[in-house]
Amino acid sequence: MEFPTVCSACARENRAEFTDSSVHDLTCGHCGARYCVFLRKQRFEVLFDLGTRALLDGYAREAVASFAAALERFFEFYVWAFTLERAANAEQEFGAALSGLEGTWRHVSSQSERQLGMFALAYLLREGREPDFLTARGLGTDFRNRVIHRGALPSRAEVEAYAALVFALIDRLLTELGPGAAHAELAQEQVFAAHLAALPDGVTAVFEEHPGMFRARRSGGLAATPKLSPQPVPGQVPGQARKPGKAVNDARAYQQALFRQALEERGALLRSFKGPPLNVPPGRE
């Protein structure tokens, strides 16, 4: 999948493919200038946005695969954030802590069950309580397995419910991590710094942050969703301030309300990723 980026020399739009490293070495298709885009976005964020785009485009089954992968990669992100945060609190040198973490992760990099076990232990050590959400119901495991492993064709409503569950869980854990998430983000900055130092002369470095549903929450652009009914009181005048609603006791209803709010906030920007280049004259797409 591609995202739009603007040439630093001629200011015309090019489209680039996402990479695992979030480093994109590009040559402008219009003026030939070389530039490198460093995309400040974690892999779980990219995967969740890809799932959202697939859902918006009507590809329900493909969306499930992206949402499931986003959750797995977020668990990895959590482990890295916790480990590096713990090392910082112990005044351990960042490079040594990162090297040890990378070496350890290689032992489980191809085994999702072991990765989940590492996450469960990290959560227990950090929060001091059991990760009681790690159940088949809490993770939507049965639905995920039916779609991905047994080839089921889900309805859009089912996928929206699964997306809402994944979004709410990641959002909750990011909130609990708070500033601790910055430790994992620093690991990405280390990758950027190494690539930046090796760039040849004449290549412009561009740092970008693209619209993401979790970025909206963490940057303050997306307000917290109260657990109140969004329905107006019968007889209420349109536009009038709403009276306190009935509390939403259904956790899944709250998850879906949270996801829909985030989708409304960021959906239009995510759609633009699929649009034609902005600066191409008509008839030359």
Side-chain angles (χ1 to χ4, degrees), residues 3 16-26 35-50 66 68-131 134 169-201 203-210 212 214-215 218-219:
F3 66 94
E17 291 186 346
F18 287 108
T19 65
D20 283 341
S21 66
S22 293
V23 176
H24 310 81
D25 291 301
L26 304 173
Y35 63 108
C36 182
V37 174
F38 298 89
L39 186 62
R40 284 195 171 107
K41 200 167 188 176
Q42 297 296 319
R43 195 181 308 179
F44 75 87
E45 296 177 291
V46 173
L47 288 164
F48 194 92
D49 285 350
L50 292 178
S66 291
L71 184 58
E72 288 188 356
R73 296 288 60 78
F74 175 75
F75 288 155
E76 176 184 0
F77 175 85
Y78 188 102
V79 170
W80 285 58
F82 163 74
T83 304
L84 295 173
E85 178 187 43
R86 190 180 181 93
N89 291 337
E91 299 185 351
Q92 184 180 356
E93 197 271 324
F94 181 82
L98 183 60
S99 178
L101 178 56
E102 289 172 339
T104 301
W105 191 260
R106 279 196 289 270
H107 294 294
V108 301
S109 61
S110 60
Q111 299 165 306
S112 58
E113 288 298 322
R114 291 188 178 184
Q115 293 175 25
L116 186 62
M118 290 185 71
F119 165 76
L121 181 59
Y123 185 87
L124 172 64
L125 293 176
R126 189 177 194 277
E127 301 298 328
R129 61 179 182 273
E130 172 194 358
L134 292 184
L169 179 55
I170 294 177
D171 183 67
R172 166 193 162 178
L173 293 171
L174 274 175
T175 301
E176 291 180 357
L177 270 176
H183 294 277
E185 291 169 344
L186 182 56
Q188 184 183 66
E189 294 297 323
Q190 293 274 48
V191 173
F192 289 174
H195 194 86
L196 181 63
L199 285 179
D201 294 339
V203 178
T204 303
V206 180
F207 289 84
E208 295 188 4
E209 289 199 41
H210 274 271
F214 298 105
R215 292 278 157 152
R218 295 163 65 192
S219 301

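What you see below is based on every heavy atom in this structure, not just the backbone, and it leaves out hydrogens, waters and symmetry mates.
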Notebook entry, point to check: When you look at CZ of Arg126, are more than 12 heavy atoms from neighbouring residues, nucleotides or ligands closer to it than 6.0 Å?
Noted result: yes
Note to self: Would the distance check show the side chain of Gln115 and the main-chain N or O of Ser109 forming a donor-acceptor pair, the cut-off being under 3.5 Å?
What the structure shows: yes
Item checked: From Leu125 atom CG to Thr83 atom OG1, the distance as rounded to the nearest 0.5 Å -> 9.5 Å
Notebook entry, point to check: Side chains of Leu71 and Phe44: closer than 4.5 Å at any heavy-atom pair?
Noted result: no
Next item on the list: Measure across Ser66 and Leu47 and return the closest heavy-atom pair with its distance rounded to 0.1 Å.
Entry: CB-O, 3.5 Å
Next item on the list: Using a 4.5 Å cut-off on heavy atoms from C-beta on, say whether the side chain of Arg40 contacts that of Glu189.
Entry: yes
Notebook entry, point to check: With a 3.5 Å cut-off and no angle check, do the side chains of Arg43 and Gln188 form a donor-acceptor pair?
Noted result: no
Check: Just wondering, do Phe18 and Leu50 contact through their side chains at under 4.5 Å, heavy atoms?
Finding: yes
Checklist line | Non-hydrogen atoms of Glu130 and Tyr123 that approach each other most closely | finding: O-CE2, 4.0 Å
Note to self: Which residue in the set Trp105, Phe77, Tyr78 passes ring-ring contact (aromatic ring centres under 6.0 Å, His included) when paired with Phe119?
What the structure shows: Tyr78
Notebook entry, point to check: When you look at Val79 and Leu121, which way does the side-chain contact (heavy atoms from CB on, under 4.5 Å) test go after all the steps?
Noted result: CA-CA 9 Å; Val79 170; Leu121 181 59; over 6 Å; no
Item checked: Any donor-acceptor N/O pair, Glu93 side chain to Ala96 backbone, under 3.5 Å -> yes
Margin query: Under the criterion side-chain contact (heavy atoms from CB on, under 4.5 Å), I'd like the reasoning laid out for Leu116 against Leu134: C-alpha separation, chi angles, the key distance, then a yes or no.
Written below: CA-CA 9 Å; Leu116 186 62; Leu134 292 184; 4.0 Å; yes
Note to self: Do the side chains of Glu208 and Lys41 get close enough for a salt bridge, i.e. N-O under 4.0 angstrom?
What the structure shows: no
Item checked: Residue pair Phe94 / Ala187: nearest heavy atoms and the distance that separates them -> CZ-N, 3.9 Å
Margin query: For Gly180 versus Ala81, what's the shortest heavy-atom pair and its separation?
Written below: O-CB, 3.6 Å
Checklist line | Test item: Ser99 side-chain N/O and Gly95 main-chain N/O as donor-acceptor pair under 3.5 Å | finding: no
Next item on the list: State whether Glu102 and Arg106 are salt-bridged, where the test is any N-O pair (Lys NZ or Arg NE/NH1/NH2 against Asp/Glu carboxylate O) under 4.0 Å.
Entry: no
Next item on the list: Measure the spacing between CZ of Arg114 and NE2 of His107 and express it to the nearest 0.5 Å.
Entry: 10.0 Å
Notebook entry, point to check: What distance separates Leu101 CG from Met118 CE, expressed to the nearest 0.5 Å?
Noted result: 7.0 Å
Item checked: Exercise: identify the closest heavy-atom pair between Ala70 and Ile170 -> O-CD1, 4.2 Å
Check: If you measure from CZ on Phe207 to CZ on Phe192, what distance do you get to the nearest 0.5 Å?
Finding: 7.0 Å
Check: Can Arg172 and Glu127 be counted as an ion pair, charged N to O under 4.0 angstrom?
Finding: no
Next item on the list: Test Leu98 against Trp80 for side-chain contact (heavy atoms from CB on, under 4.5 Å), laying out the working first.
Entry: CA-CA 9 Å; Leu98 183 60; Trp80 285 58; 3.6 Å; yes
Checklist line | Verdict with reasoning, Val46 to Phe3, per side-chain contact (heavy atoms from CB on, under 4.5 Å) | finding: CA-CA 10 Å; Val46 173; Phe3 66 94; over 6 Å; no
